[in-house]
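Structure first, commentary second.
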Amino acid sequence: MRAAIRSRAFQSPTQQRWVTSSPTVSVSGTTTPLPANALNQKPKSPFYFDTGYSLFAKRPSRPFPPPFFSPPSGSFSDPLSTHNRSRDRRTYVNGEFIRGITNGDDAVLVGENFIGANDGVGAWAAREKGHAALWSRLILHFWALEAERDASVTDAAATSSEPEPVEYLQKAYEQTIAATSSPNEWNGTTTACAALLHYSTNEPRIPLLYVTNLGDSQCLVMRPKDQSLIYKTSEQWHWFDCPRQLGTNSPDTPIANAVMDKVTIEENDVVLAMSDGVVDNLWEHEVLANVVDSIRKWESGAGGEASGDRAGGAAGGMLFVAEELMKAARIVAEDPYAESPFMERAVEEGLAMEGGKNH
């Protein structure tokens, strides 16, 4: 039996998944799609994430350009029924299905041992060859692939080495540069934040979280049973509202600037991967209170239908947690008179600003 680590990956309520027709509809799910040949479909680990994600944005994203968006080999006339009725299933790079989900300029990837949220810089939308969504999605895709290919992650018998998430991210960055260069030149930048679940090699084995961050997205680890925050990433800025980022014309690189922390966690801890759409609108204590309250509601039988044991947020509870947290962040983001962490930082910088952050 594998032990579950209750977790959820959360993406910014500032952008909308481009395949959704309405810019006011949220998108939720448990895990993001994986191709049949993915090496980490079922990671050989004694621990795994129970997951859920919820996304929202005020406007849809640009579709991916060719060659990244095209029907795979086979029937061109029936791509939707052939590929699970999802246009995202037709996004490819180097002949491989692109991991994760596009959410406006952002990207999210949610799996049993890897969760990530990359926040694409929306200003690139004003440039003719700008496509931050492509950059955020490709980096997350290649990042997850590098983790899949490392035997120390995918094979429980490989105990002689540890995962190297920063090295994976560096390779992902280099592969994204190559994929978006001539003749298919597309410019963009993105922050990067992901958590990789592994375990100690000694007995008794305990779950370890390898958290990597570059920029102002954030990973939090909470312990609901104690109502405590046990870990958070530190934001990285060049200056106010200009985070470190990977991509076109940016001096930042994973090797030079990404920070990786190894965190010992327990079963039923909650891991949140969030972009600034959450952390700019909710203070940490509000995020903690929201998550703990949502788990309690779920365990008491509220929050939708589910069969099985709901203890610790199991049986779909992390999807409920994600949706409740997204709703709370969205309320503040759309309130022009709300007090928010972003407003507080702006005032500290001498800027006249009020309300939540909704861009």
Side-chain angles (χ1 to χ4, degrees), residues 7-36 38 40-41 49-65 68-70 72 79-80 83-93 96-122 131-145 147-148 172 176 179 188 190-195 217 219 271-278 318-319 321-323 325-326 329-330:
S7 170
R8 71 142 206 101
F10 188 83
Q11 176 68 7
S12 168
T14 61
Q15 299 295 334
Q16 176 67 36
R17 180 182 174 186
W18 72 268
V19 296
T20 304
S21 60
S22 170
T24 61
V25 175
S26 61
V27 178
S28 301
T30 51
T31 59
T32 51
L34 278 174
N40 69 348
Q41 285 276 15
F49 285 138
D50 273 343
T51 54
Y53 67 88
S54 187
L55 319 175
F56 175 80
K58 62 182 181 181
R59 65 177 184 273
S61 171
R62 303 172 61 185
F64 279 9
F68 304 103
F69 175 68
S70 62
L80 295 184
H83 303 288
N84 297 338
R85 296 188 178 276
S86 170
R87 292 179 67 188
D88 244 13
R89 297 290 289 180
R90 291 162 60 192
T91 55
Y92 281 75
V93 61
E96 292 192 83
F97 164 63
I98 303 178
R99 306 290 200 273
I101 288 178
T102 297
N103 188 53
D105 293 311
D106 308 338
V108 60
L109 190 149
V110 185
E112 283 198 347
N113 72 333
F114 186 89
I115 59 174
N118 284 5
D119 187 351
V121 177
H131 209 305
L134 183 62
W135 270 82
S136 60
R137 179 80 172 273
L138 287 179
I139 284 183
L140 200 51
H141 160 77
F142 287 124
W143 199 359
L145 271 184
E148 287 177 20
T176 302
T190 180
T191 67
C193 182
S217 293
C219 181
V271 183
L272 310 179
M274 308 174 291
S275 75
D276 61 359
V278 179
M318 290 303 100
L319 175 57
V321 170
E323 291 173 335
L325 189 56
M326 184 275 289
R330 181 181 173 184

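Sequential numbering from 1 along the given sequence is applied to the chain's residues. It should be emphasised that the depicted structure is a prediction, and the values quoted were computed from it without experimental measurement.
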So, the side chain of R137 versus the backbone of R99: is there a donor-acceptor pair under 3.5 Å, distance only?
yes

With C193 via side-chain contact (heavy atoms from CB on, under 4.5 Å) - residues at least two apart:
N213, S217, C219

Residue pair S28 / L319: nearest heavy atoms and the distance that separates them:
CB-CD1, 3.6 Å

Only counting residues at least two apart or in another chain, list the ones meeting ring-ring contact (aromatic ring centres under 6.0 Å, His included) with W143.
F114

T30: what forms a side-chain hydrogen bond (donor to acceptor under 3.5 Å, both in side chains) with it, not counting sequence neighbours?
none

Checking H131 against F64 for the side-chain contact (heavy atoms from CB on, under 4.5 Å) test, could you report, in this order, the C-alpha distance in whole Å, the side-chain angles of both residues, the deciding distance, and whether it holds?
CA-CA 8 Å; H131 209 305; F64 279 9; 3.7 Å; yes

Just wondering, do Y92 and F68 contact through their side chains at under 4.5 Å, heavy atoms?
no

Output the distance between atom CG (L109) and atom CD1 (I139), rounded to the nearest 0.5 Å.
13.5 Å

Using side-chain heavy atoms (C-beta onward) and a distance below 4.5 Å, is S275 in contact with N118?
no

Partners passing side-chain hydrogen bond (donor to acceptor under 3.5 Å, both in side chains) against T176 (at least two apart in sequence or in another chain):
none

For the pair L325 and L272, evaluate side-chain contact (heavy atoms from CB on, under 4.5 Å) and give the outcome as yes or no after the intermediate values.
CA-CA 10 Å; L325 189 56; L272 310 179; 4.2 Å; yes

T51 side chain to G111 main-chain N or O, any donor-acceptor pair under 3.5 Å?
no

Quick one: CD1 on I115 to CE on M318, what's the gap to the nearest 0.5 Å?
11.0 Å

side-chain contact (heavy atoms from CB on, under 4.5 Å) partner of D119, the single match among N103, D105, V108, D276
D276

For E148 and L34, work out which heavy atoms get closest and say how close.
OE2-CD2, 4.1 Å

Using modelled atom types only, decide if a donor and an acceptor are shared between the side chain of T31 and the backbone of V110 within a distance under 3.5 Å.
no

Do F142 and V93 come within less than 4.5 Å of each other through their side chains, counting heavy atoms only?
yes

Looking at residues at least two apart in the chain, or sitting in another chain, which of them share a side-chain hydrogen bond (donor to acceptor under 3.5 Å, both in side chains) with T190?
none

Minimum heavy-atom distance between D106 and G120, given as atom pair plus value
OD1-N, 3.0 Å

H141 meets the ring-ring contact (aromatic ring centres under 6.0 Å, His included) criterion, sequence neighbours left out, with none

Please test F97 against T91 for side-chain contact (heavy atoms from CB on, under 4.5 Å), starting from the C-alpha separation and ending with a verdict.
CA-CA 6 Å; F97 164 63; T91 55; 4.2 Å; yes

Between the CZ atom in F56 and the CZ atom in R330, the distance rounded to the nearest 0.5 Å is 3.5 Å

Heavy atoms of A117 and A273 approach each other most closely as CB-O, 4.0 Å

